[in-house]
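Single-structure report; data block below.
Computation of the quantities below employed the complete heavy-atom set of this structure, encompassing side-chain atoms and omitting hydrogens, waters and symmetry-equivalent molecules. By convention here, the first residue in the shown sequence is residue 1.
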Amino acid sequence: MKKLVSTLAIFLGVMAYSQVTFGLRANALFNTSSASWGNLKGTFNDAIDSKGDNSSGFNVGLAAKIGSPVGGWFVMPEIYYTSFKNKNTIDNVEVEAKSNRIDVPVLLGHNFLLGKLAAFVGPVASYNLTTDNTYNNFKEDAKNEFTVGYQFGAQATLSKFVVNARFEGAFSKDSRKFISTVAGDEREIRYDNRPSMFILGIGYNFN
């Protein structure tokens with residue numbers, strides 16, 4: 001009991017001297033195959049050419065930034081509602097997978113230029129809300145409710161406004177399949193619905 005009280009006291013003491021900010025975040029999502037400049041450039045060109053119809057989405061949520069009293073380090077837990085679509089042609093059949101999920105990144109970062117710039121990296125846990133979509137004559141069958149990915153990126157802060165850019169990849173697959181609903185047609189189309197994404201967003205801090 002004494003150890004628990006001591007640990008809690010230390011935690012509260014650190015929090016008292018830490019700089020904690022809370023804010024709103026909104027991001028645009030773009031599917032991409034990797035974090036290389038060539039792929040990111042191609043992602044933007046495809047999004048413009050297709051007007052975002054093929055593979056794009058958004059998320060909105062809350063973010064907290066808990067700064068260390070020394071050293072410029074911080075922890076940034078976030079929570080988002082995320083929605084995106086992923087259109088692919090597999091075995092000559094076009095399918096469109098729509099995903100709605102809850103994302104919880106927990107990022108470790110470091111401030112630069114007195115906190116005006118920051119870089120961060122960390123894991124993101126996702127809980128799928130969409131599991132039974134239909135598209136044309138196919139019905140979606142999702143197996144994984146929880147998946148895990150990672151993010152890294154940077155952000156700039158001007159007064160209470162935040163601009164951030166990040167890349168998201170996957171540690172675990174979101175294995176799904178589309179099953180034909182036509183009698184006598186036993187086709188199954190398997191795919192991974194956790195694509196890598198480039199995320200570009202803005203935010204506003206309350207304090």
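Residues satisfying the side chain to side chain donor-acceptor pair (under 3.5 Å) test with Asn164, not counting sequence neighbours, are Asn27, Arg166. Every ring-ring contact (aromatic ring centres under 6.0 Å, His included) that Tyr127 has, sequence neighbours left out, goes to Phe146. Residues that satisfy the ring-ring contact (aromatic ring centres under 6.0 Å, His included) test with Tyr204, not counting sequence neighbours, are Phe161. Every residue two or more places apart in sequence or in another chain was checked for a salt bridge (Lys or Arg N to Asp or Glu O under 4.0 Å) with Arg25, and none qualifies. Contacts of Phe22 classified as ring-ring contact (aromatic ring centres under 6.0 Å, His included), with partners at least two apart in sequence or in another chain: none. Under the side chain to side chain contact (heavy atoms under 4.5 Å, CB included) criterion, Ala165 pairs with Phe198, Leu200, not counting sequence neighbours.
Both Val121 and Val148 are members of a single hydrophobic cluster when ILVMFWY side chains are connected at heavy-atom separations under 4.5 Å. Under a hydrophobic clustering in which Ile, Leu, Val, Met, Phe, Trp and Tyr are joined whenever their side-chain heavy atoms come within less than 4.5 Å, directly or via other members, Leu114 and Val163 fall into different clusters. Cluster membership for Val106 and Met76, using ILVMFWY side-chain heavy atoms within less than 4.5 angstrom, is not shared. Follow the hydrophobic side-chain contacts under 4.5 Å out from Ile66 and you reach Phe206 in the same cluster.
Remark: Leu29 CG to Met197 CE distance equals 5.0 Å, nearest 0.5 Å.
Taking 4.5 Å as the limit, some side-chain heavy atom of Leu107 sits within range of a side-chain heavy atom of Glu78. Between Leu129 and Ile102, the closest side-chain pair of non-hydrogen atoms falls below 4.5 Å. In this structure, the side chains of Glu168 and Ile199 come closer than 4.5 Å at one or more pairs of heavy atoms. For the pair Gln155/Lys65, a side-chain contact is recorded, criterion being any heavy-atom separation below 4.5 Å from C-beta on. Between Pro105 and Phe120 there is no side-chain heavy-atom pair separated by less than 4.5 Å. Using a 4.5 Å cut-off on side-chain heavy atoms (C-beta onward), Val104 and Val124 make no contact. Between Pro123 and Tyr150 there is no side-chain heavy-atom pair separated by less than 4.5 Å. Side-chain contact between Val162 and Asn205 is present, with at least one heavy-atom pair separated by less than 4.5 Å.
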Review point. Step by step, would you call Phe74 with Ser68 a side chain to side chain contact (heavy atoms under 4.5 Å, CB included)?
Key: CA-CA 6 Å; Phe74 62 86; Ser68 168; over 6 Å; no
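Closest approach of Ser196 and Gly169 over heavy atoms only: OG-CA, 4.1 Å.
The one candidate from Asp103, Asn59, Asn100 that meets the side-chain hydrogen bond (donor to acceptor under 3.5 Å, both in side chains) condition with Tyr81 is Asn100.
Phe152 and Phe167 have tilted rings, their planes meeting at an angle from 30° to 60° on a 0 to 90° scale.
Counting non-hydrogen atoms of neighbouring residues, nucleotides and ligands closer than 6.0 angstrom, the CG atom of Leu108 exceeds 12 such neighbours.
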